[in-house]
Amino acid sequence: MRSIQKWMPVELVMADSLLVVDRLKSYIYTRYGVVRAVNDVSFELAEGDTLGIVGESGSGKSMTCMSILGLLPQPFGKMVAGRIRFRNEDLHTQSSRQMQQIRGKEIGMVFQDPMTSLNPFLTVGTQLTEGYVVHQQVAKQEAWQHAIDMLDKVGIPEAEKRMLSYPHELSGGMRQRVMIAIALMCSPALLIADEPTSALDVTIQAQILELLKSLQRQMKMSIILITHDLGIVAATCKQVIVMYAGRVMEAGSVDDIFYRPKHPYTIGLLQSVPSLEADREKPLQPIDGNPPDLMADIQGCPFHPRCAYGDAACLQEFPQQRTATTGHSFYCCKDVE
Amino acid sequence: MNQDAQTLGKPLIAAQDLKVYFPFTQGIGFWKQHYTVRAVNGINFGVEAGETFGVVGESGCGKTTLGRALLSLVPKTSGEIFFKGKDIAQLNRAQMRSLRQHMQIVFQNPYAALNPRMTVGNFIGEPIRKFFDLSKQEVHKRVLTLLESVGLDPRFANRYPHEFSGGQRQRVVIARALATNPEFIVADEPVSALDVSIQAQILNLLKDLKRTYNLTLLFIAHDLTTVRYITDRVAVMYLGKIVEVATTEKLFAQPQHPYTQLLMASIPLADPHREQQRPHRVLEGEVPSPIVAEDAKQQQQLPACVFYGRCPERMPRCKVETPRLQGKGSHQTACHLLDERP
């Protein structure tokens, strides 16, 4: 962590913010060059809120969360700049031992693929209690009892019996419920859910989303939900940030993003999704072209080559932050309606 | 009878009581037990020439197996498949081979469908060389036109798959499927592996190509929104059976089967106000396993209606009497509730 630059004190740290990410830059150093996975990302998350991070694959949304958790791929990934404050403590200056105290206890995680996130050799019960025993320093029996309650809470029938099952005996939806139960064992203040439903069927997805919402109400936790599905964002989130090529394109409340989008990328994204109600005869309006290669040195706005409004000005430098209304900011020098 | 008169007004491809079972055993000797996966379990449907027919369902409902069985890529267990009114089981190898020219498939994962050691031009040209007697130059010329028609630069013909993004690869796969001038294409989840902004490109491309090449498409997907956009008619599958089939318009306006209704209610709308206001009906439980033990006792315990276990409106009758696809005109539903409703 020696490479982190000294930062001028920033006054944006608000008292009620659970998590503040300030100008975060995380790069991945590969054999072929530097991938600027996260480039100047800032956001805040208040207690009890849900933040959605939307973006296509390779937009840096997962890497942002991995930076928060201190789980960047080692030894290639490095957080090169920025600050991450969690409960008024700097996360990026914590030692790896201190991070272990925070991960799983204060910050819970649910990853995309429930098939690979669970250890196939250990029973569900072992995996549930493991972290709880370490973090809360309780006896195994107590953890076991707590784990049964937790499985009950996430809607797994016959919780006591399931504690002895191995992951392969459970279906995809059940495994994801187990993952959520593991993440919530220590009642974390923040839950990071990285595409928690992309590997599941729609009916199971609806079940899991409802479960997350009701658990959030019960346990009063904040959630960062990473997804590429705008429908999920509309259903669950209060705040949204839209990412593209490692950068934040637009940030605001759900209403701002869905009803008053300002950035051409957000507008394009909203127009390119087929919906259950739009006119079927009208052709979809896709965003032309392909996402940029993050290895290349991108001049100016990364969305510029695919943007309908792009011109020479966009090539000069990455656009300044502009504010549409309070809490709604975007990075584009054009006025798009 | 005259061949033309027979095919006129008949579907291009049709299945009659099609069943595809995969048997397997577990254990040895005395403990050996026979099971079957009933992937496709008695399906009747027809795809008219020139239409796009959608098949939707959750994973494990047999939609992919259905697509493959239609192209005889997996052997069927029983039932008939008719292509232009001819039973394809009656064809010999040579006839089947020449028929394959008219039926092609686009697979889900463009990263796995391409051969990494073949240039894209070579890959698209392969079926042309197999089916047509053309000179090298003519094949190459055709490859270039195909690349252009799927929206790729003809200069890409000499490149290898790793140089392409997911969306571009899917375009290559589509170009290869078009290479033999097919009449019928099975598109098995062609966009689900792609990013949202790329999905729309491929969907528009498929729609355009269908028009220009006068294709008949079987579009298999789990995503109702894409199906709604691209298809003319849709069948909803559950556990190897079609539970509802209707024109796309009707199916989405008035879904009749409880499963279809709940499936639609499960899709989050990309509109926060409406999404938060609408009533949330969550379909409980999970799709039951299609694996059945070949044991007379256990078979009798299976409920007659495939959706019985999860249906919120189940009746005692559903357990004993198998619902048949019925309804007015083109909108058909396999549910006993239809009899109850006036």
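Note on naming: letters A, B, ... go to the chains in the order of the sequence lines (proteins, then strands), and numbering restarts at 1 for each one.
- Interface remark: of the candidates B:Leu262, B:Thr248, B:Asp208, B:Leu224, B:Thr248 forms the most heavy-atom pairs closer than 4.5 Å to chain A.
- Within residues 241-251 of chain A, no residue has any heavy atom less than 4.5 Å from a heavy atom of chain B.
- The salt bridge (charged side-chain N to carboxylate O under 4.0 Å, His left out) pairs that include a residue from residues 197-215 of chain A are A:Glu210-A:Lys213, where partners are two or more places apart or lie in different chains.
- Atom-to-atom distance recorded for B:Gln199:CD and A:Ile287:CD1 is 12.0 Å, nearest 0.5 angstrom.
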Under the side chain to side chain contact (heavy atoms under 4.5 Å, CB included) criterion, do B:Leu263 and A:Val202 qualify, and how do the steps go?
-> CA-CA 7 Å; B:Leu263 202 57; A:Val202 267; 3.7 Å; yes
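- With respect to chain B, the highest number of heavy-atom pairs below 4.5 Å among A:Pro274, A:Gly289, A:Gly172, A:Ser171 belongs to A:Pro274.
- Note that CG of A:Leu209 is 10.0 Å distant from OG of B:Ser266, once rounded to the nearest 0.5 Å.
- If you take CD on B:Glu284 and CD1 on A:Ile204, they are separated by 9.5 Å, rounding to the nearest 0.5 Å.
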Could you check A:Phe258 against B:His273 for ring pair (Phe, Tyr, Trp, His ring centres under 6.0 Å), going step by step and ending with a plain yes or no?
-> CA-CA 10 Å; A:Phe258 280 90; B:His273 286 182; 9.8 Å; no
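- Among all heavy-atom pairs drawn from B:Pro268 and A:Ala235, the shortest one is CB-CB, 4.1 Å.
- To the nearest 0.5 Å, atoms CG (A:Asp288) and CD (B:Gln201) are separated by 6.0 Å.
- For A:Glu56 against B:Ser197, the heavy-atom pair with the smallest separation is OE1-OG, 2.8 Å.
- Expressed to the nearest 0.5 Å, how far CD of B:Glu286 lies from CE of A:Met174 amounts to 4.5 Å.
- Each of A:Leu230, A:Asp229, A:Asp255 has some count of heavy-atom pairs under 4.5 Å with chain B, and the biggest count is that of A:Asp255.
- Contacts between A:Gln205 and chain B at a heavy-atom distance below 4.5 Å involve the side chain alone, from C-beta outward.
- Across all non-hydrogen atoms, the minimal contact from B:Val196 to A:His228 is CG2-O, 4.0 Å.
- Interface remark: B:Asp271 contributes backbone and side-chain atoms alike to the contact with chain A (heavy atom separation under 4.5 Å).
- The structure places OG1 of A:Thr236 at 8.5 Å from CD of B:Gln276, a figure rounded to the nearest 0.5 Å.
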